[in-house]
Trainee: 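Dropping the structure in here first, questions after.
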There are 2 protein chains.
Amino acid sequence: MDTKTRILESALKLYNEKGIDATTRHIAAGMGISAGNLHYHFKHTDDIIITLWDQLATEFDQLVSRLGQATEISLDSLHSFYYQSFQTLYKYRFIFLHFVAIGIRIPTIQEHYRSLMQRREKEFKAIFRILIRNGIFRKDIPEAVWTALVRQIFIVSDFWLSNNELTDRLRDKEAAIAFTKQMESMFFPYLSKS
Amino acid sequence: MDTKTRILESALKLYNEKGIDATTRHIAAGMGISAGNLHYHFKHTDDIIITLWDQLATEFDQLVSRLGQATEISLDSLHSFYYQSFQTLYKYRFIFLHFVAIGIRIPTIQEHYRSLMQRREKEFKAIFRILIRNGIFRKDIPEAVWTALVRQIFIVSDFWLSNNELTDRLRDKEAAIAFTKQMESMFFPYLSKS
DNA sequence: ATAAAATTAGTACATTTGTTCTAAATTATA
DNA sequence: TATAATTTAGAACAAATGTACTAATTTTAT
């Protein structure tokens, strides 16, 4: 396999395990190459993080566009979206566990995230409108509360892993189940009574 | 003022501004003392963070116990609790902005947080039961959803600042208002229709 | 006022880190 | 096969950091 790809894999593994302060020397050692060689492929350490961020963003975009293309959006499609999302969140978990530090260190990532969230907010509100029209969501919820729900979804999606890391430390399958249950429960009080 | 207290103030200021990687040299320079002097008062850098964490925990405990002592818990008392909470969250915001990194670096803090959250979960559920009995909260919500709501509250409380830092970057009063509004909206769909 | 204790500044050191440089080795190309 | 391009390892460097140490200064106690 490509050395560049192998570096990204080793970096992802180590960042997820040891956090954002894992060094290029450790990343290189972890895959049995020299630090000099690593810096031949990635001149700056941050380039590795930027590349991993781009991978994450791409994988997420695919999930979102697949959700948007669904012929008829149901609660189930929303739930399966969250289950699939978690696989990506978990794969790149070091980003979410150290999100602010990364944003400070690499402002372009923060800027990218910011514009991404603005786009997503509109997409989610559109989905909510459909679910209201279809009688799945309640019709008596003020607009401001839907706006707050969108932000709530973003916060819980992005930081559930951090909370898990500080408390239960669930891994893999167990974590996925707990995350999905958390998201499902979030929607419960917004469902219309039928 | 006590040099030890002044170090804590300078550290808090710098950690909030520059993040968890602010150095003892910078903290000392920021208040016009030598690094040697700083290490006379705090042998290890982490001792500063631990002390700040203890301060935060103490201030929060006072808020929670004041809420628990209220003669009759209403929605208003819950809202004013969140408004007051935010002052403390904001004062020690570096902790929440770098929560996982701190937890990894100082395991005693993580352990303390974990047991704190277990205690708080019970306290919150007790409050919810009162609000249900008083007809303020809906009676048709399954127990599992209340449990999820508690976790939701913890996640949004602890990481709203991180989300804000990555998106809107609201400060002071504006941040407090947005946070409180977010928390209020969270409870809206759980209110009984009266 | 003097001795003792506490505080402070400044130097020094070992370690770590990102990165550069050089030369060797490997791979591709003609 | 000979040459050029790419890849790799390893040494070297400068900067930063935590913290230990020393000597001076300030404060406190007698």
Side-chain angles (χ1 to χ4, degrees), chain A residues 1-55 94-95 97-110, chain B residues 1-54 94-95 97-98 100-110:
Chain A
M1 197 200 311
D2 203 23
T3 306
K4 206 160 180 172
T5 331
R6 285 176 53 230
I7 292 173
L8 289 170
E9 278 187 1
S10 176
L12 181 57
K13 188 168 180 291
L14 222 66
Y15 283 144
N16 281 340
E17 280 171 8
K18 307 285 177 191
I20 192 72
D21 290 329
T23 66
T24 51
R25 273 179 175 80
H26 287 127
I27 294 168
M31 57 186 290
I33 67 166
S34 68
N37 190 9
L38 184 145
H39 273 100
Y40 169 77
H41 290 284
F42 292 95
K43 196 145 198 248
H44 300 284
T45 311
D46 287 356
D47 295 341
I48 299 176
I49 296 176
I50 290 171
T51 309
L52 289 171
W53 165 264
D54 289 340
Q55 287 184 11
F94 84 94
I95 291 177
L97 295 176
H98 306 273
F99 216 158
V100 174
I102 292 174
I104 290 173
R105 210 166 106 177
I106 308 168
T108 57
I109 288 183
Q110 178 167 352
Chain B
M1 198 198 315
D2 203 25
T3 305
K4 207 161 181 172
T5 333
R6 283 177 53 230
I7 292 173
L8 290 169
E9 279 187 1
S10 177
L12 181 56
K13 187 168 181 291
L14 223 65
Y15 284 144
N16 282 340
E17 280 171 9
K18 307 284 178 192
I20 192 73
D21 290 328
T23 66
T24 51
R25 273 179 175 80
H26 287 126
I27 294 167
M31 57 187 287
I33 68 165
S34 68
N37 189 9
L38 183 145
H39 277 285
Y40 168 77
H41 290 284
F42 293 94
K43 197 150 197 245
H44 301 285
T45 310
D46 287 357
D47 295 341
I48 299 175
I49 296 176
I50 291 171
T51 309
L52 288 171
W53 165 265
D54 288 341
F94 85 95
I95 291 177
L97 295 176
H98 307 271
V100 174
I102 292 174
I104 291 172
R105 207 165 110 179
I106 308 169
T108 57
I109 288 183
Q110 178 167 351

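Values reported hereafter were calculated over all heavy atoms of this structure, with side chains retained and with hydrogens, waters and symmetry mates removed. Reminder, nothing fancy here: chain letters follow the sequence lines and each chain counts from 1.
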Trainee: Give the minimum heavy-atom separation between Arg6(B) and Met31(B), together with the two atoms involved.
Mentor: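 So the minimum-distance heavy-atom pair works out to NH2-O, 3.4 Å.
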Trainee: Between the side chain of Ser10(A) and the main-chain N/O of Ile27(A), is any donor-acceptor distance below 3.5 Å?
Mentor: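 Side chain of Ser10(A) to backbone of Ile27(A): a pair is present.
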Trainee: Going by heavy atoms in the side chains, are Tyr40(B) and Thr3(B) under 4.5 Å from each other?
Mentor: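 Side-chain contact under 4.5 Å: no.
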Trainee: I'd like a table of donor-acceptor pairs (distance under 3.5 Å, sequence neighbours excluded) in which one partner is a side-chain atom from residues 101-109 of chain A, with atom names and distances.
Mentor:
unit_1: Arg105(A); atom_1: NE; unit_2: Asp46(A); atom_2: OD1; d: 3.1
unit_1: Arg105(A); atom_1: NH2; unit_2: Asp46(A); atom_2: OD1; d: 2.8

Trainee: Scan Ile7(B), Ile49(B), Leu52(B) and name whichever one has a side-chain contact (heavy atoms from CB on, under 4.5 Å) with Leu12(B).
Mentor: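 Only one of Ile7(B), Ile49(B), Leu52(B) forms a side-chain contact (heavy atoms from CB on, under 4.5 Å) with Leu12(B), namely Leu52(B).
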Trainee: How many angstroms lie between NE2 in His44(B) and OG1 in Thr24(B), if you round to the nearest 0.5 Å?
Mentor: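 If I round to the nearest 0.5 Å, the distance is 12.0 Å.
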Trainee: So, is Thr24(B) near the phosphate of dT19(D), with a side-chain N or O under 4.0 Å from OP1 or OP2?
Mentor: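 No, because none of the side-chain N or O atoms of Thr24(B) sits under 4.0 Å from OP1 or OP2 of dT19(D).
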Trainee: Going 5' to 3' along DNA chain C, which nucleotides are the first and last within contact of chain A (any atom under 4.0 Å from a heavy atom)?
Mentor: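 Taking any atom under 4.0 Å from a heavy atom of chain A, the span is dT17(C) to dT20(C).
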Trainee: For residues Ile48(A) and Tyr15(A), determine if any side-chain heavy atom of one lies less than 4.5 Å from a side-chain heavy atom of the other.
Mentor: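 Counting from C-beta outward, Ile48(A) and Tyr15(A) do come under 4.5 Å.
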Trainee: For Ser34(A), check side chain to side chain donor-acceptor pair (under 3.5 Å) against everything at least two apart and list the hits.
Mentor: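 Residues passing side chain to side chain donor-acceptor pair (under 3.5 Å) with Ser34(A): none at all.
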Trainee: Is it the case that atom NE2 in His26(B) sees more than 12 heavy atoms from other parts of the structure closer than 6.0 Å?
Mentor: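 12 or below, so no.
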Trainee: Do the charged groups of Lys13(A) and Glu9(A) touch, with an N to O distance under 4.0 Å?
Mentor: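 So Lys13(A) does not pair with Glu9(A) through a salt bridge.
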Trainee: Roughly how bent is the helix from dA1(C)-dT30(D) to dA30(C)-dT1(D) end to end, in steps of 10 degrees, with each end axis from five pairs?
Mentor: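 Result, rounded to 10 degrees: 10°.
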Trainee: Could you tell me whether the side chain of Asn16(B) and the main chain of Phe94(B) form a donor-acceptor pair under 3.5 Å?
Mentor: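 Judged by distance alone, yes, a pair lies under 3.5 Å.
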Trainee: Mind calculating the distance between CD1 (Ile7(A)) and C1' (dT8(D)) to the nearest angstrom?
Mentor: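 After rounding, the reported distance stands at 11 Å.
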Trainee: Could you tell me if the side chain of Leu8(A) sits less than 4.5 Å from the side chain of Gln55(A), heavy atoms only?
Mentor: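 Yes, their side chains come closer than 4.5 Å.
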Trainee: Show me the protein contacts with nucleotides 9-16 of chain D, counting only N or O atoms at under 3.5 Å.
Mentor:
unit_1: dA9(D); atom_1: OP2; unit_2: Ser34(A); atom_2: N; d: 2.8
unit_1: dA9(D); atom_1: OP2; unit_2: Ser34(A); atom_2: OG; d: 3.3
unit_1: dA9(D); atom_1: OP2; unit_2: Asn37(A); atom_2: ND2; d: 3.3
unit_1: dA9(D); atom_1: N7; unit_2: Ser34(A); atom_2: OG; d: 3.2

Trainee: Drop me the distance from Leu14(A)'s CG to Ile20(A)'s CD1, to the nearest 0.5 angstrom.
Mentor: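 Taking CG in Leu14(A) and CD1 in Ile20(A), the distance rounds to 11.0 Å.
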Trainee: Pull out every residue in residues 38-45 of chain B that has a heavy atom closer than 4.0 Å to any atom of DNA chain D, ordered by number, or say none.
Mentor: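 Result for residues 38-45 of chain B: His39(B), Lys43(B), His44(B), Thr45(B), sorted by number.
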